[in-house]
Amino acid sequence: MSDKTNKPDENERADAGGPHFIEQIIQEDLASGKHERIHTRFPPEPNGYLHIGHAKAICVNFGLAKKYDGLCNLRFDDTNPTKEETEYVDAIQDDIRWLGFDWEDRLYYASDYFEQLYAWAEKLIQEGRAYVDDLSADEIRAHRGTLTEPGKNSPYRDRSAEENLDLFRRMRAGEFPDGSKVLRAKIDMASGNINMRDPVLYRILRAHHHRTGDDWCIYPMYDFTHGQSDSIEKITHSLCTLEFEAHRPLYDWLTENLEIYPPRQIEFARLNMSYTMVTKRKLLKLVQEGTVSGWDDPRMPTIRGMRRRGYPPAAIRNFCDMVGVAKVNSTVDLAMLEYCVRQELNLHALRRMTVLHPLKLVIENYPEDQVEEMDAVNNPEKESDGSRKVPFSRELWIEKADFMEDPPKKYFRLSPGREVRLRYGYFVTCTGFEKNDAGEITEVRCTYDPATRGGDSPDGRRVKGTIHWVSAAHAVPCEVRLYDNLFTVPDPAAAEDVQAALNPDSLQVLTGCMGERSLGEVEEGQRLQFERQGYFCVDPDSKPGAPVFNRTVGLRDSWAKIQKQQAGGKKKG
RNA sequence: UGGGGCGUCGCCAAGCGGUAAGGCACCGGGUUUUGGUCCCGGCAUUCGCAGGUUCGAAUCCUGCCGCCCCAGCCA
């Protein structure tokens, strides 16, 4: 038996187009024999949680390695002990694994290379290509010049190799206070590229490192670490984001002067998304001020947030393939991510019926204590998921929005005198309703047609609408959390005031929702479709018999569009 | 007004001298026991602008214009 799976095949990649520019380079390198097999790496700094932007970098690095039968390492770029923590190295590994990637036994830390890096620094010093500078940070800045004016040489620039070596060794030995000296590359203070104006290679920093403890009081800078780490690991293609483009000359200068294996750095554009902000500092503030519940708040653009929200890892991977790899700064429409999430969930999420805003429906001609077990398909996209029994009885919960006393045009649901189908149940015809003093509908009454059991009409009679329902006597009360964009502006990162850009309605908590009987037993993290409403997943806050669901994303809603059009039409007269 | 990048549909993105792929979004129509899915159709005479080369240019040349990155002892 074959599943009736539609379009997106398991093996089908959601490519944006032909091979992108990095793939072209890889293909050429493989064809020319420059490399027998490619080797990439994902090099996060363990100073925070991974977000959607990192997801793209992960997919690019691990994805390319996989596609071209190469390898991808995970390497923590941990050269700044003041910012890095073990908590993050654990979380990062967890997130990458969850995304579906594996570095096997190739887990590395730049800090593992400190001794080698130090030796290379001495080599540079001995060859007159690096010197110890006594200038203060402010003085170095002043000597650096500006974008349009060249810098000035440090007065310490011409110390002898012997003196530099002695000083550098004493730096390591801890003879000088923090910040009193640095090691600099001797390149060109007049270079148009500011990164080449004698960049700092080492600084004195007495801080406890999460891995090397207090072994070192001098730490290498990014520029003096990254390329060499790539070299040590024989990385063939070192992929990074655009802002490192100006660092490439330095990257190359170092591998050249150190005479070590030269990986090739290639830069591509980082991922930006509309209505989303990944600025670590600002995100941290949201967490600290309690605007969100934590780094895993389902509204957060973090991998943990998306995970709790219910985004399947495959959806994120597809999304990353879909947006492509290029050098243009771009901002991808959030709708594209949501499309990928729906696509994945449509194929794999089991269907269930849940009433979010309950309204009692009484079937007047249905026997008082009769209960029927109706067959309901678990997933129309996947026959092998089978079906389940859903109890049907005289009193049901239906969605408030599925009844209107005075419906507008094109409204296909229940209203006085109108017949609709109760999904997998019966055809029912509205016979009346009750209101309270406030004018709210409190109950709807109807009669059913026994001949339409299961929802089919033997006489071929058609109804325009099909609504979902839950047997009142069998309902599982639950909490449902609805999410919307955290921000109301397309580019929150550019907002002067983050607080003002926040969407006050980004979270809506619904209590007293009524789920079908099967929802009494769910597993944390389980992803479901609540028919006609959207995709939901079981939140860790769930308790036995009292599930809490997060709305991952709503179903596409053409009725909402019609309503919007009708409202717009009225406005314009 | 230094250096390095980038400009193809509302948003991504192919295109690599032979006469503008694809996806998202949007708009129509069909199927449908989810107003979901799926299916069909529409959606850039034009590639930041202006010149030039060529039988022929989004693709080559020149000059403009616009946007992004770099002046951490951050990565």
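Computed from a predicted model, the values in this text were never measured in an experiment. Lettering of chains follows the sequences in order, A, B, ..., and the numbering in each one begins at 1.
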Out of B:U34, B:C27, B:A75, whichever nucleotide has its closest atom nearest the side chain of A:E45: B:A75

Rounded P spacing from B:G18 to B:G56 in Å: 15 Å

A:Q24 vs B:A14: side-chain N/O to OP1/OP2 distance below 4.0 Å: no

Sugar-phosphate, base or nothing in reach of A:D456, heavy atoms under 4.0 Å: base

Base-pairing assignment for B:G36 (Watson-Crick or G-U wobble, both under 3.5 Å): none

Under-4.0 Å side-chain N/O to phosphate OP1/OP2 contact, A:Y222 with B:C74: no

Single hit among A:Y251, A:F268, A:Y222 for ring pair (Phe, Tyr, Trp, His ring centres under 6.0 Å) with A:F244: A:Y222

Of A:G145 and A:R342, the one whose closest RNA chain B nucleotide lies more 5': A:R342

Protein-nucleotide distance (A:N329, atom CG; B:C69, atom P), rounded to Å: 7 Å

Proximal nucleotide (of B:C74, B:C26, B:U34) relative to the A:L555 side chain: B:U34

Separation between the C1' atoms of B:C6 and B:C12, rounded to whole Å: 15 Å

Among B:A25, B:C74, B:G23, the one nearest A:A335 by side-chain distance: B:A25

Separation between the P atoms of B:G10 and B:C26, rounded to whole Å: 15 Å

Presence of A:R248 side-chain N/O under 4.0 Å of B:C69 phosphate oxygens OP1/OP2: no

A:C537 side chain near A:R551 side chain, heavy-atom distance below 4.5 Å: no

Closest nucleotide among B:A71, B:G36, B:C73 to the A:L147 side chain: B:A71

Base B:A71 paired with A:H143 side chain (donor-acceptor, <3.5 Å): no

Given B:U34, B:C12, B:C6, the nucleotide with the shortest approach to the side chain of A:V328: B:C6

Euclidean distance, A:D557 CG relative to A:K564 NZ, rounded to 0.5 Å: 9.5 Å

P-based separation of B:G17 from B:C73 [nearest Å]: 44 Å

Sugar-phosphate only, base, or nothing, as touched by A:K410 at under 4.0 Å among non-hydrogen atoms: base

Separation of the C1' atoms in B:U53 and B:G29, to the nearest angstrom: 49 Å

Residue matched to B:C49 through Watson-Crick or wobble contacts both under 3.5 angstrom: B:G63

A:K280 vs B:C74: side-chain N/O to OP1/OP2 distance below 4.0 Å: no

Closest listed nucleotide, where the reference is the side chain of A:P380 and the choices are B:G2, B:C12, B:U34: B:U34

Nearest-Å distance for atom pair CG/C1', residues A:D321 and B:A14: 15 Å

Spacing of the P atoms in B:U45 and B:C9 (rounded, Å): 11 Å

Given RNA chain B, 5'-ward residue of the pair A:K561 and A:S330, judged by closest heavy atom: A:S330

Separation of B:U32 C1' from A:N379 CG (nearest whole Å): 15 Å

Presence of A:T79 side-chain N/O under 4.0 Å of B:A75 phosphate oxygens OP1/OP2: yes

Distance, C1' atom - from B:G23 to B:C69, rounded to whole angstrom: 29 Å

Ring geometry between A:Y49 and A:Y88 (parallel below 30°, tilted from 30 to 60°, perpendicular above 60°): perpendicular

Side-chain donor/acceptor contact of A:E381 with base of B:G36 under 3.5 Å: yes

Syn or anti conformation of B:G10, syn meaning chi within 90° of 0: anti

Short side-chain N/O contact to B:C68 OP1/OP2 from A:R270, under 4.0 Å: no

Inter-nucleotide C1' distance (B:C40, B:U31), Å rounded: 11 Å

A:R197 vs B:A71: side-chain N/O to OP1/OP2 distance below 4.0 Å: no

Side-chain N,O (A:Q343) to OP1/OP2 (B:U37) below 4.0 Å: no

Under-3.5 Å donor-acceptor pair between A:Q533 side chain and B:U34 base: no

NZ/A:K464: more than 12 non-hydrogen atoms of other groups inside 6.0 Å: no

Side chain of A:V323 (C-beta onward), nearest among B:C12, B:C74, B:A71: B:C12

A:R172 NZ/CZ over A:Y118 ring centroid, <6.0 Å and within 45° of normal: yes

Sugar-phosphate only, base, or nothing, as touched by A:M196 at under 4.0 Å among non-hydrogen atoms: nothing

Pairing of A:D134 and A:R159 as salt bridge, 4.0 angstrom limit: yes

Contact check, side chains of A:V132 and A:V182, non-hydrogen atoms, under 4.5 Å: no

OP1 or OP2 of B:G4 under 4.0 Å from side-chain N/O of A:K327: no

Proximity to the side chain of A:E245 - top-ranked nucleotide from B:A71, B:A75, B:G4: B:G4

Options B:A75, B:G72, B:U34, nucleotide nearest the side-chain atoms of A:R423: B:U34

Nearest-neighbour nucleotide for the A:R351 side chain, B:U34, B:C24, B:C73 considered: B:U34

